[in-house]
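Okay, so here's the structure we're looking at.
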Protein chains: 2
Amino acid sequence: MTIDQKVIEQRIEHFKQVCLNARVKLTRQRLDIFREVARSGDHPDAETVWKSVRKQAPNLSLDTVYRTLWLLNDLGLIKTLGSHHERTRFDANLSRHHHFICTSCGLTKDFYSETFNNLPVPDDLSSVGAVETLQVEAHGICSKCSALNRQHKQKPSVKEDYHE
Amino acid sequence: MTIDQKVIEQRIEHFKQVCLNARVKLTRQRLDIFREVARSGDHPDAETVWKSVRKQAPNLSLDTVYRTLWLLNDLGLIKTLGSHHERTRFDANLSRHHHFICTSCGLTKDFYSETFNNLPVPDDLSSVGAVETLQVEAHGICSKCSALNRQHKQKPSVKEDYHE
DNA sequence: GTTTATGCAAAACCTTTGCATTTTG
DNA sequence: CAAAATGCAAAGGTTTTGCATAAAC
């Protein structure tokens, strides 16, 4: 999935501005790496970014990718996601959004919902901490995986339903 | 945080039943490891489980803990959580629940909400996949961290607010 | 008694770090 | 030109694996 060209350009402008403000040097590598995350809609991990950028800049090193991604994260230009058992992945979408997560393949897709943006914060959370934002995770099986499952005539998994 | 004794016993009974059904051998180590996750309310990682159980069973090895936790996960007896930059953590709470996550220290606390249990699934997700469950993540600063911040008179972080 | 799980040690994996060299502002 | 970033190689921390021994059914 690819992001609209206009949005990419906006993101890159913003990136340059933030670097300037923060007195962070604008190197070729940083621009390449940020552009790659900004234009990819599917939350790539460090190695994926590295492989993509290396097509144009073959001597980019993987550790620079890591260093840069964490720098961008510290600057608030990208966010991290991805759970256990998979590598850390990065997202340049700073708009308020929610995630669909495929429990089979791990696909994580952004989606937007005004309803979910305006959920009430439960009262009893105030003792736990101060909630800043609520994000909804929709867990399920993505279209691709359910197509595959149908082909292979897989039996549904046999987890018991149990609740305390 | 510790779980109520009755709930722990229910969880252990269920665990034994599932092992029997799945023809998975019920070993001392597996029981110890499951009990530890079942009675801990704070989603321990593998090493934490290992250290706790080793107090009673000193020659338990860490790799058995890993193997067992993933087995329990495959059997649907526990779930994984935890994000990038921290170890995988495990949760024996199979009831429908949501998470408060502290953006400062990573504390993850279960909470319950009937409202959140009954959120409508957005229509436009149907093209992405079949949603099975919606879970809300409340991100914020936990009470402990905000107390610490006040003590240290920390300046608030200076991320710009930017939206596409 | 057969099958399966454990413990040990070693490997694999992803990510980070130290340092000399190069590049940026 | 001073300060900071890169690439290289080596180390770090967590998790996994192969194999002989031990335990469960």
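Proteins get letters first, then strands, A, B, ... in listed order; numbering begins at 1 in each.
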Check: When you measure from the side chain of B/Trp70, which nucleotide among D/dT16, D/dT15, C/dT16 comes out closest?
Finding: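 The nucleotide sitting nearest to the side chain is D/dT16.
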Margin query: If you only use heavy atoms from C-beta on, which nucleotide in D/dG7, D/dA5, D/dT16 is closest to the side chain of A/Thr27?
Written below: D/dA5
Notebook entry, point to check: Can a donor-acceptor pair under 3.5 Å be found between the side-chain atoms of A/Lys25 and the base atoms of C/dT23?
Noted result: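 No, the side chain and the base share no sub-3.5 Å donor-acceptor pair.
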Check: With no angle test and no hydrogens, is the base of C/dC14 tied to the side chain of A/Asp45 by a donor-acceptor pair under 3.5 Å?
Finding: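 Check fails, no donor-acceptor contact within cut-off.
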Rounding to a whole Å, what distance do you find between [X]:[atom1] and [N]:[atom2]?
{"X": "A/Tyr66", "N": "D/dC8", "atom1": "OH", "atom2": "P", "answer": "17 Å"}
{"X": "A/Arg54", "N": "D/dG7", "atom1": "CZ", "atom2": "C1'", "answer": "12 Å"}
{"X": "B/Leu69", "N": "D/dT15", "atom1": "CG", "atom2": "C1'", "answer": "12 Å"}
{"X": "B/Asp32", "N": "D/dA23", "atom1": "CG", "atom2": "P", "answer": "15 Å"}
{"X": "B/Arg28", "N": "D/dA23", "atom1": "CZ", "atom2": "P", "answer": "12 Å"}
{"X": "B/Asp74", "N": "C/dT4", "atom1": "CG", "atom2": "C1'", "answer": "16 Å"}
{"X": "B/Arg30", "N": "C/dG7", "atom1": "CZ", "atom2": "P", "answer": "11 Å"}
{"X": "B/Leu71", "N": "D/dA24", "atom1": "CG", "atom2": "P", "answer": "16 Å"}

Considering every strand and a 4.0 Å limit on heavy-atom distances, what is the contact class for [X]: base, sugar-phosphate, or nothing?
{"X": "A/Glu47", "answer": "nothing"}
{"X": "B/Arg23", "answer": "nothing"}
{"X": "A/Arg67", "answer": "base"}

Item checked: A/Arg87 side chain vs A/Asp45 backbone, donor-acceptor pair below 3.5 Å ->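 The answer is no, because no donor-acceptor pair under 3.5 Å joins these two groups.
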Notebook entry, point to check: Of B/Asp63 and B/Leu26, whose nearest nucleotide on DNA chain D comes first from the 5' end?
Noted result: B/Asp63
Check: Between B/Glu86 and A/Leu60, who's closer to the 5' end of DNA chain D by nearest nucleotide?
Finding: A/Leu60
Check: Quick one: do A/Leu81 and B/Leu81 end up in the same hydrophobic cluster if we chain Ile, Leu, Val, Met, Phe, Trp and Tyr together by side-chain heavy atoms under 4.5 Å apart?
Finding: no
Next item on the list: Determine whether A/Val128 and A/Val121 fall in the same hydrophobic cluster, where Ile, Leu, Val, Met, Phe, Trp and Tyr are linked whenever their side-chain heavy atoms lie under 4.5 Å apart.
Entry: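 Shared cluster, yes.
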Notebook entry, point to check: Measuring from A/Asn118:CG to A/Ser113:OG, what's the distance to the nearest 0.5 Å?
Noted result: 8.5 Å
Notebook entry, point to check: Distance check: side-chain N/O of B/Thr64 vs OP1/OP2 of C/dG7, anything under 4.0 Å?
Noted result: yes
Checklist line | Phosphate OP1/OP2 of C/dG7: any B/Gln29 side-chain N/O under 4.0 Å | finding: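 Affirmative; the distance criterion is met.
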Item checked: Result of checking B/Ile78, B/Leu26, B/Leu75, B/Val37 against B/Phe15 for side chain to side chain contact (heavy atoms under 4.5 Å, CB included) -> B/Leu26
